[in-house]
Amino acid sequence: MVHPRPAEGDAAVPADERFDFAAIDPKWQRFWVEEKTFKAVLDPDKTERAYVLDMFPYPSGAGLHVGHPEGYTATDIYSRYLRHTGVNVLHPMGWDAFGLPAEQYAIKTGTHPRETTKKNVANFRRQIQALGFSYDWDREVDTTDPAYFRWTQWIFLKLFERGLAYQSEVPVNWCPKLGTVLANEEVIDGLSERGGHPVVRRPMRQWMLAITAYAEELLQGVDNLDWAEGIKAMQRNWIGRSEGAEVDFKVDGHDLSIRVFTTRPDTLFGATYMVVAPEHELLSTIATEERRAEVEAYAATAARKSERDRQDDRKEKTGVFTGAYAVNPVNGAKIPVWTADYVLGGYGTGAIMAVPGHDTRDFAFATAFELPIVRVVCAEDGDPSEPLDEAFTQHGVACNSGEFDGMRTDIFKHRIAEWLADKGLGETKVNYKLRDWVFSRQRYWGEPIPIFYPCFPGEGADRELWDPRRGDAVTIDYTTPLPVPYDQLPLELPETADYKPNEDGEPPLARCLDWRFFQDDDGNWFARETNTMPQWAGSCWYYLRFTDPDCTTDLASFEALDYWPPVSLYVGGAEHAVLHLLYARFWHKVLFDMGVVPTDEPFPRLVNQGMILGEDGEKMSKSRGNVINPDDMLTEFGTDAFRLYEMFMGPLEKVKPWQMAGMHGTRRFLYRMWSLYQKPISDAALPDEVASVLHGLIKKVTDDTANLRFNTGIAAMMEALNDLLKVDVLHREVAETLVLLLSPYAPHIAEELWLRLGHAPSVSQEPWPTWDEAKLVKASYLLPVMVNGKVRAKLEVPSDSDEATLEALALADARIVKWTEGKVVRKVIVKPGRMVSVVAK
RNA sequence: GCCGAAGUGGCGGAAUGGUAGACGCGGCGGAUUCAAAAUCCGCUGGGCUUUGCUCGUGAGGGUUCGAGUCCCUCCUUCGGUACCA
C-alpha cells in the first residue's frame, strides 16, 4: 500500500478512511528492520546511555503467550521514550534455547533438538517482530549457538580454575526401572510419578558450583538493589543466613564428641536430649549393640525417602533412640541421643541439641516420645516454675540456668557463646541455607562441560589392542579433571540419534564413543565429561554478550563492557525471582572479581511484571481453555491496540485478568485518534486554554512514561483526545506533540500520522516534547471549600488569589454561611490551589 | 507457621494527607439506519423527603481541620517458602 506524501499544510485525507492497521503495521515493521532504525551504536561521546533488557524467552513450541508482550511492551515504550530524549539505548532480544522440551520432543520423534529449536526461534522472532518492538536485531543471541556457548564454557573453566567448580557425590532421585534421575517433583510416595516404579536416593558424581562461597556477598548486595521488596526478601530467605553457635557435646563412654549448631545457645541449659540426622557419620559408631538394628533400619528407611516425602511426613515426628548418651557441656547432664529425620544431614552439622521448652519441633518430638521438657526462658514478669504447654520461642529472661539466671536471653546468647569459646567447647558460627549448585545434568541438549579425564583399560581388556571408542572396558580417573584448553573451545555436542540416559544413569553423551574418547600425541587416552550444563547456564551472562555479540576474542570487548553495563532496567516475570537472578548475580560477582566486568551487580533495577490471568481470573492454561493467543489479537485489533491494551490493563507489576472488551476500547481509541487527524490543521497560535491543556498533557505523559506508569499515561492521552475531538480544528502544534507522545506506545499509527503531517520518517528519532510550567497556569480554578471536613461549596477563584482573599471569598459564600451560621469559626486552613477548610463549632 | 504483596462501583482500575471513583469496559437513554453492526451525543456508586442531604474505599480503633492514603489490632485473597535447629 502506497501512501502519497501529502502536500505541505494539507493533511486532509478522505474523511471516511479508517485507521487501516492491517496495512500500516507491517509497513512500518518492515521499515524499521530494513532501515535498522533501532541499531545501538557504542559512541563514547554519548555519555547518556541506558541498557533496557527483557528476560529473554525460552522459545517453546507453543509460541508466544500474552504474558511475554506485557514486559516486552513496557521495556519497548521505555526504550523508545529514552531515545526520544536523546539517550543512547541498548535494547536487545535473544533466545534461551537449551532446554528439556526440545530434547523430549527429540526422544519421541527423532527430530534433532537443533531443528526444533531453529523452528521455534523463527516462530518467536516472527511473533515478536509483529509486535513492533524496537530491538536491535543485529545483536540477537542464541545460547545454543557454539559461538555463544564457547564463552559459557570459558566462564565454566574460569570457575574451575578458581576452585569454584568441583565434583561431588550428591544424592539424587534415581529410578532404576526408568533408568533416569528424577526431580523431587517427579517422585510421589517413593515411587516415580510415571509408571509407579521405586525410586531411591542414590549418590551420583555431579559437578557443583560453589555459590556458597559468595553467600555473604550475594546477601549484602541485595540491600542496595532497586528491586521490589518481596523479591529481595525471597533472595534473602533463599540465602538464609542465621547466626548462632556450634557446641561440642561429649559422647558418654566414647572418646569423641558431636558438634551441634544452634541459634539459641542461651537455651543450652534446657537441652534434654540430642538428635543426629539419620545420615550422620557417627550414627553407627555411637549406637549401642541392642539398639543398632533398629537404628540402622530407621536410617535405611529415611535414605529411601525423597526430600518431598520427608517434607510431607513432617506432621508426624518419627525417630529412634540410639542407646547413647551425650554430656551437656554447661551442666554436665547426661542426655539421650536420638536419631530422627526432622534433623537434616545437609544443614548445620547434621546434629542438634533439642530444647523442647523453646523450640516447637523439639516440643512436638519430646511430647511424642515422652522426653523431659524444661523451662529455661520466661517472660520478664513470668514464673520460672510455670509448666510449658507449648514451646516458648520468644526471648525473655534466663531461668534454671545456673549462674546465668535473671540475664536477658538476647544478651545471654552472646555471653554464653564467648564462655564456650573460652573453654574450647564451641564457637560462634554463621550458617546459610543456600547450598552449592548441582551443575550437571544427564542430558543431551545442553552445553558440554569442557572437562576431560585420564582413562585406562578396564578389567579384562586387552592392553595391546585396547580402544575405548570400540566399547572396550575402560576405567576413568574422575579424580583428575583436566580443563579443555581455551583455544579448543567451543566444545560442541556430538551428533547422535539417541537422546535418552541409559540404565546406569549415564548421559547420552557417554554412548557417543568417538566423541567421548580421544588420544593425545603421546598416545594417552582421555575421556570427556558426559554431563551437560543445566538450562540456567546460558542465561547467567547473556546480558553481557548483548553488549558485543560478535566478539571472538572475549566474551565481549572491554570497551563494550565498560560502556553499556550494568543493565539500567531489567524486566521479567517473578517466577525467576530466586534461581535465575541469584545464579546470574553469582556469575557476575565472580566476573567482577576477575576484573571482567566493571560493576559488582548485573541488574541494579528490576521490575517484575504481574501475571496476566485468563478472563475467568484463573491462570491461563490449555486445559482451562482460557488461553489468549497474541497472533489472533493482532489480526483482529492491530498491534498498537494490543500494546496499548496490555499497558492500559493496570499497573505493570500487578496480576490482572484479561478482558477482551478492553481490546475494543483501545482499538476505538486509535480509530478516534485517526479521525482527529482528519480535521483541518490550523497553523494559528495556540489559545491559552489549549496551551495549558497541551502542556499539562506533556508533563503528565512524560512523568508517567519515565516512571513506567503506562496505564495512567494512556488515560491522560484518552482524556485529551476526548477534548480535542470536540473542537473543529486541530492546531499543528497539538497535532505534532500528540503524535510524539503517542509514538512510544503506539508506534505504527504514530509513524503514519507523522508522515501524513508532512514529515520524513522516523518519528522515533524526533526529540521529545517539553512543557513550560508557566503555561500550565490557568486564569482561574475551582476551589473546594470544606466545613468541618465536608465539601460544601466549590468556588471559581482567580489563580493569583492570596490566602487572605481566598479565606474571605470562602467565608462570604452563601453556601458556606449556611453551615457556619450560629457557630464560631475556630480555624480556617487555606491551601491556595488546593482547598479551604473551615472549622466551626 | 513464616516472609512478601494486595483488598476502592457491575468489571479492569484512578487518586503528592486535600473534591473518592480519572480513563476504559459494561449498562441505560438518544441520534444515525429499512434493520443491525459500526459510529456519534448524554447519563451511569448506594439511599433519600433530589436546587439539596446522607452513606460509602475488607472490619474495628487511633492521629489530623481533613484519612483510600499515616499508626495499632484483626479478617480475607494472591504469590513465595517451609522440620534450616
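Naming convention: chains lettered A, B, ... in sequence-line order (proteins, then strands); numbering from 1 in each chain. Not measured: the values here are computed from a predicted model.
- Within the 4.0 angstrom heavy-atom criterion, only backbone atoms of the sugar-phosphate kind lie near A:Asn711; the bases stay farther away.
- No donor-acceptor contact under 3.5 angstrom links the side chains of A:Tyr745 and A:Thr73, judged on distance only.
- Across all strands, A:Met718 comes closer than 4.0 Å only to sugar-phosphate atoms, never to a base (heavy-atom distances).
- Between A:Glu243 and A:Lys429, none of the side-chain N atoms (NZ, or NE/NH1/NH2) sits under 4.0 Å from a carboxylate O, so this pair counts as no salt bridge.
- Whole-Å rounding puts the A:Asp359 CG to B:C83 P distance at 13 Å.
- Aromatic pair A:Tyr273/A:Phe365: centroids less than 6.0 angstrom apart.
- Side chain to side chain, A:Trp819 and A:Glu821 fail the donor-acceptor criterion of an N or O pair below 3.5 Å.
- Proximity of A:Lys656 to the phosphate of B:G12: no side-chain N or O atom is located under 4.0 Å from OP1 or OP2.
- For the P atoms, the distance from B:U57 to B:A20 is 12 Å, rounded to whole Å.
- The C1' atoms of B:U69 and B:U51 are separated by 33 Å, rounded to the nearest whole Å.
- Comparing the C1' positions of B:G9 and B:G56 gives an interatomic distance of 10 Å, to the nearest angstrom.
- Whole-Å rounding puts the A:His664 NE2 to B:G24 P distance at 16 Å.
- Using C1' as the reference atom, B:A15 and B:U8 are 10 Å apart when rounded to the nearest Å.
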Dot-bracket for RNA chain B, 5' to 3', Watson-Crick and G-U pairs with both distances under 3.5 Å, [ ] for crossing pairs, | for partner on another strand, reads (((((((..(((.....[....)))((((((.......))))))((((...))))..(((((..]....))))))))))))....
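- Taking the nucleotide of RNA chain B with the nearest heavy atom to each of A:Lys654 and A:Met353, the more 5' of the two is matched to A:Lys654.
- Checked against side-chain hydrogen bond (donor to acceptor under 3.5 Å, both in side chains), A:Thr212 has the following partners two or more places apart in sequence or in another chain: A:Asp436.
- With both ends at atom C1', the span from B:U63 to B:U73 equals 15 Å, rounded to whole Å.
- Straight-line distance between the C1' atoms of B:C48 and B:A31: roughly 34 Å, to the nearest whole Å.
- Among the nucleotides B:G42, B:C25, B:G18, the one closest to the side chain of A:Lys726 is B:G42.
- Closest approach of A:Glu803 and A:Pro832 over heavy atoms only: CG-CG, 3.6 Å.
- Spacing of P atoms, B:C43 relative to B:C34, comes out at 28 Å, to the nearest Å.
- Separating the CZ atom of A:Arg709 from the P atom of B:G12 is a distance of 22 Å, rounded to the nearest angstrom.
- Using a 90° window around 0 for the glycosidic torsion, B:G26 falls outside it and is classed as anti.
- Surrounding CD of A:Glu427 are more than 12 heavy atoms belonging to other residues, nucleotides or ligands, all under 6.0 Å away.
- A donor atom on one side chain and an acceptor atom on the other are found under 3.5 Å apart for A:Asp362 and A:Tyr342.
- A sub-4.0 Å separation between OP1 or OP2 of B:A38 and a side-chain N or O of A:Tyr671 is absent.
- Across B:G12, B:C65, B:A20, the shortest atom-to-atom separation from the side chain of A:Val791 is found for B:A20.
- In this structure, A:Arg792 reaches the sugar-phosphate backbone alone: every heavy-atom distance under 4.0 Å involves primed, P, OP1 or OP2 atoms, never a base.
- OP1 and OP2 of B:G24 both lie 4.0 Å or more from every side-chain N or O belonging to A:Arg672.
- Across all strands, A:Thr712 comes closer than 4.0 Å only to sugar-phosphate atoms, never to a base (heavy-atom distances).
- Among B:A85, B:G4, B:G18, the nucleotide with an atom closest to any side-chain atom of A:Glu229 is B:G4.
- OP1 or OP2 of B:G24 has not a single side-chain nitrogen or oxygen of A:Arg668 nearer than 4.0 Å.
- Remark: C1' of B:A14 and CZ of A:Phe648 are 10 Å apart, rounded to the nearest angstrom.
- Side-chain atoms of A:Thr272 come within 3.5 Å of backbone atoms of A:Pro372 as a donor-acceptor pair (strictly under, hydrogens ignored).
- Counting any heavy atom pair closer than 4.0 Å across all strands shown, A:Ala715 reaches a base atom.
- Ring to ring, A:Tyr432 and A:Trp238 are not that close: their centroids are 6.0 angstrom or more apart.
- Residue A:Thr666 is classed as having no contact, given no heavy-atom separation below 4.0 Å to the nucleic acid.
- Residue order along RNA chain B, read from the 5' end via each residue's closest nucleotide, puts A:Ser675 first among A:Arg241 and A:Ser675.
- Spacing between atom CD of A:Glu653 and atom P of B:A6 amounts to 10 Å, rounded to whole angstrom units.
- Between the CD atom of A:Gln659 and the P atom of B:G12 there is a distance of 7 Å, given to the nearest Å.
- The phosphate of B:A38 (OP1 or OP2) has no side-chain N or O of A:Arg667 nearer than 4.0 angstrom.
- Between the CG atom of A:Leu782 and the C1' atom of B:U19 there is a distance of 8 Å, given to the nearest Å.
- Here B:G4 is the nucleotide among B:G4, B:C65, B:G52 with the atom lying nearest to any side-chain atom of A:Ala233.
- Contact annotation: A:Trp819 side-chain N/O to B:C53 OP1/OP2 distance is under 4.0 Å.
- A cation-pi contact, defined as under 6.0 Å to the ring centre and within 45° of the axis, links A:Arg18 to A:Tyr671.
- Within 4.0 Å (heavy atoms only), A:Lys790 reaches sugar-phosphate atoms of the nucleic acid but no base atom.
- For an aromatic pair to be called close, the ring centres must be under 6.0 Å apart, and A:Phe363 with A:His358 fails this.
- Not one N or O on the side chain of A:Glu70 forms a donor-acceptor pair closer than 3.5 Å with the backbone of A:Glu646.
- Within the 4.0 angstrom heavy-atom criterion, no nucleotide atom of any strand lies near A:Arg826.
- For B:C78 and B:C28, the P atoms lie 33 Å apart once the distance is rounded to whole Å.
- Look at A:Asn722 and you'll find a side-chain N or O under 4.0 angstrom from OP1 or OP2 of B:G24.
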Nucleotide by nucleotide, nucleotides 75-80 of chain B touches protein heavy atoms under 4.0 Å in the pattern (B base, S sugar-phosphate only, - none) -----S
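- Distance A:Glu575 CD to B:A5 P: 19 Å, rounded to the nearest Å.
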